[in-house]
Structures are given as structure tokens and as C-alpha cells.
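The next block holds one structure in the form of C-alpha cells; read it before the comments.
Just so it is clear, the model here is predicted, and its values are computed rather than measured.
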Amino acid sequence: MSYNSPFTGNVVQPTDVSYRDISIANTNLQLAWPINGTTEDDAAARIMDVTTTGVSELWMPPANQASVGQDALIRNTGGEDFTVKDFAGINTIVTVLVGEAQYIYITDNATEEGVWGIIAFGIGSSGADAATLAGYGLLAIGQTLNQSQPVTTFSSNYTALTTDRSNTYVWTGGAGTLTLTAASTLGNNWFMFLRNSGTGALTASGSGGNTINGSASIILQPTDSCIIVCSGSTFYTVGLGKSTQFAFTQLSKAVLTGTYTLTASEASNVIQKYTGALTGNVTIIVPSTVQVYYIVNETTNAFTVTISTGSGATAVLTVGTQATLVCDSVNLYNANTILAGSSSISLINGSVGAPSLNFASETTTGIYRAASGEFNTAILGVLRSTVSATGIAIVGTGTFSGGVLGGTF
């Protein structure tokens, strides 16, 4: 029997049966092309929903009775997997799993078995497609795409990459740095979540001249968190705020000698008072974070209390002194020009019209230093006395209610 058209000489395309619902129970079903002259009742359709029971197979019609490109979409609507084979069950074309759909088509029709191409149409409605489409920040759960926000903890410096889109990074170390890849590489709408759960300051900085909120870097203190978003040329934060309501708390800690490292709870106290009878010099280690401390040294004995981050500049307090210290996460700076309670105070020389030590309500009355070796007093901008190594010189008339004793007049 010839399957060539007498008009064109080409292979005749079998009549297209659109759809069949097929049930197979413990047997193999041989399909036939729905063409003129066939005596088979089981015709192959372009779309076939197949349900099988037990060991069952679906066999396709002879490939050499159809043109290359002849196709069929086969979907497993039953509860058991089944196998699709070529004509007479010689070779397996594809195994269709439960809920899966497979698209097959003839690529070579030289023999009855032929050669078949396969395209997976997915599991159920879109399960396989969901897994294929799930990019950064998306997760395929069953047949749906879902938002994904995986959490990564880190304690050493890290550079955020394109693959970190939608990820949450939680800092758990001391002082550290998160560097952002160039904004032009990350692209517009890239974002990540960042939290500082460590004990030190976390610096987030751009690269290649990119800024964050208009600055080269931002600092997240412990417990701070934010979302970092990229515009393609710069970075911004969302949700990075500071509380406008806070209360000072005080740490009172007894020390003796040696080094004391403050816990996170102890270091959270802005006001810190150190007490105890020192037997040696004491060093207090505070966290490597940006902070202001008000330190009171109420220890006794002739030793010192040093405040340090473990590196950088330190602040040294002698017995009975206080200091306001500013920490930049490495160095400690004394914000006081004079240490309260210190043994000495330095004044500028001043002048008769503007004494260096004066009264707020009468600034022209006070003391000053007019020349080397002199101690002068001014009353309303007028010199009234000079004390020097040679004696006291009084300017003006002196009135003595109790008389004058000693000396020669």
C-alpha cells in the first residue's frame, strides 16, 4: 500500500484526530494512524489523556506511515507511571510519570520504529516550568513560584554579589565591613537585607565611587538593620532609623588590676563608673563600635584606669577624674578640654579688660596674667593688684578694718 500522494508525490499526512481519553488495564495498546483503509479502532490522536492500571504500555503507530513532524501530546492522568514505545513495542520513546505531560514527534520515518523527538511539557500544570523560571529571590514550591529570602550569617568581611539578590545577611562578629559590588553590575532593582547582630560596628560601603545615601559608607550599630537597594548607579537604604527616645543607664563596676573586657550588656551603658582599691593599673576593653562614653574613675590608690578598644588610641584616667570619651570604633578620643577633678587647670593669659577667669554677669572683673611672673586682678577693667616674686602691689586706697601687722611701713 502506498502512502504517497498521486498528485504531489509526498507522504500523505494522516487525518488529525484532535483528542482521545484512553484507559489501559494490564495490557499494551497498539495505536494506528487514522488513515483511509485502516481497520484498527485505536487511533492515535494529537492530544491523549492516558490512565493505566497495572503493567501497561502505549505503542505508537508505524513511523513510516506518517511524515516527519507528526506529533502527539501525551498526558498521564492516572495514578501509575507508563511507558510509550514505538511501533510493536520495540523501543521505548519516553516514560510518562504520574501528572506529567510529554510531547513526542517523528524526526525520521525511514522505518516502522522511526526516530522520535521528545519535549517535556512539565508536571501537572506548571511544576517543571516553575523550577525553570525560579531565579534569584524566587523559589519553586510545587507548581508555584514563591518569594525567597534565605538567611546567611557572616563574621568576616564580605562582598555582596549579584547572586545575593533578596538574601538576608546577618553580621555576628565584632567590627567588620560589607562591600557592595559596583551598582552598574548589580543593576537597577537589586536589593538585599542586612542586620548587625554582632558586638561591633558594621560598615556597609560602595565600590568604584558608588555611594550609600549620598555617603561613601554607612555604619550599622549592633541591632541596626536595613534594606539596601540599588538604582543602577548608587545605593539607598530603607528602614535604617534611629530611635528618638532613649534613656541613659549606668554601669558601676569594681576593679582591682589587669584587663577587663566589657560584655555587650555592660558596654551598652553610656555612663560607666569604676570603683575599688586598685592594686595595679587597670585596662577596660570596650566594643569596637561608634559610641560616646561618660567615664567616672572613683577608684583609690595611685594607679590609672585606661579605656581602649584593644587597638588605636586610648584614654587614661587618674584617680578621682571624669571624662567624656568618643569612640570611632577603633580610637577613643577625650571630648573634654579639661578633665574634671584633675590636679591642674590651665588658663589663657587674659587682659585687664578681659580677665581669663571672670564672672558671667561681670566679665571685666577677675584675674589675669599681665606679664611673666605676675598674678593680676582686675575690677571693672581696672588693675587693682599685682602679685609677683618681689611682693604685692596694690593700686588705689586700702582700707583695713583689723589693722596691719608686721613689716616696716
Side-chain angles (χ1 to χ4, degrees), residues 1-135 140 142-145:
M1 181 177 181
S2 173
Y3 295 95
N4 294 331
S5 169
F7 303 104
T8 64
N10 295 327
V11 177
V12 176
Q13 180 80 7
T15 301
D16 187 4
V17 177
S18 298
Y19 170 78
R20 280 196 64 191
D21 187 359
I22 301 173
S23 295
I24 311 173
N26 297 302
T27 186
N28 302 323
L29 178 62
Q30 174 67 69
L31 299 177
W33 298 120
I35 56 178
N36 291 334
T38 182
T39 60
E40 301 293 336
D41 293 331
D42 287 310
R46 293 287 301 279
I47 301 174
M48 293 179 280
D49 286 341
V50 181
T51 301
T52 61
T53 303
V55 180
S56 302
E57 296 178 353
L58 185 69
W59 296 354
M60 296 301 293
N64 61 357
Q65 292 183 6
S67 301
V68 291
Q70 180 66 34
D71 57 358
L73 178 62
I74 303 171
R75 187 163 70 102
N76 188 342
T77 56
E80 299 180 24
D81 302 340
F82 66 86
T83 301
V84 179
K85 292 189 175 182
D86 56 20
F87 180 68
I90 304 300
N91 304 299
T92 297
I93 298 175
V94 67
T95 298
V96 185
L97 305 181
V98 174
E100 189 176 72
Q102 296 283 352
Y103 176 73
I104 63 174
Y105 54 95
I106 300 172
T107 60
D108 189 331
N109 64 349
T111 64
E112 287 184 327
E113 295 77 28
V115 179
W116 297 79
I118 307 166
I119 297 176
F121 258 50
I123 299 172
S125 59
S126 62
D129 292 339
T132 302
L133 293 173
Q143 302 173 8
T144 61
L145 286 173

Strictly distance-based, threshold 3.5 Å: is any side-chain N or O of [X] a donor or acceptor partner for the main-chain N or O of [Y]?
{"X": "N64", "Y": "A110", "result": "no"}
{"X": "S56", "Y": "N28", "result": "no"}
{"X": "T107", "Y": "V115", "result": "yes"}
{"X": "N109", "Y": "A66", "result": "yes"}

Paired with V50, the side-chain contact (heavy atoms from CB on, under 4.5 Å) test is passed by just one of N76, I24, L29, namely I24
Mind checking the [atom1]-[atom2] spacing from [X] to [Y]? Nearest 0.5 Å is all I need.
{"X": "Y105", "Y": "I119", "atom1": "OH", "atom2": "CD1", "answer": "4.5 Å"}
{"X": "Q102", "Y": "L97", "atom1": "CD", "atom2": "CG", "answer": "7.5 Å"}
{"X": "W59", "Y": "E113", "atom1": "CH2", "atom2": "CD", "answer": "12.0 Å"}
{"X": "I93", "Y": "I74", "atom1": "CD1", "atom2": "CD1", "answer": "7.0 Å"}
{"X": "N91", "Y": "D86", "atom1": "CG", "atom2": "CG", "answer": "4.5 Å"}
{"X": "W116", "Y": "M60", "atom1": "CH2", "atom2": "CE", "answer": "4.0 Å"}

task = Check whether any side-chain heavy atom of L31 sits under 4.5 Å from a side-chain heavy atom of L58, and report yes or no.
result =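 In short, these two side chains touch, coming nearer than 4.5 Å.
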Report yes if some heavy atom in the side chain of K85 is under 4.5 Å from a heavy atom in the side chain of I90; otherwise report no. no
Item to complete: Could you tell me whether the side chains of T77 and T51 share a donor-acceptor contact shorter than 3.5 Å?
Response: yes
Do you know which two heavy atoms are closest between [X] and [Y], and how far apart they sit?
{"X": "E80", "Y": "G54", "answer": "OE1-N, 3.0 Å"}
{"X": "R20", "Y": "A43", "answer": "NH1-O, 2.8 Å"}
{"X": "P61", "Y": "A44", "answer": "CG-CB, 3.8 Å"}

Open item on the list: Is there a side-chain contact (heavy atoms from CB on, under 4.5 Å) between W33 and Q70? Walk through the geometry before answering.
Closed with: CA-CA 10 Å; W33 298 120; Q70 180 66 34; 3.3 Å; yes
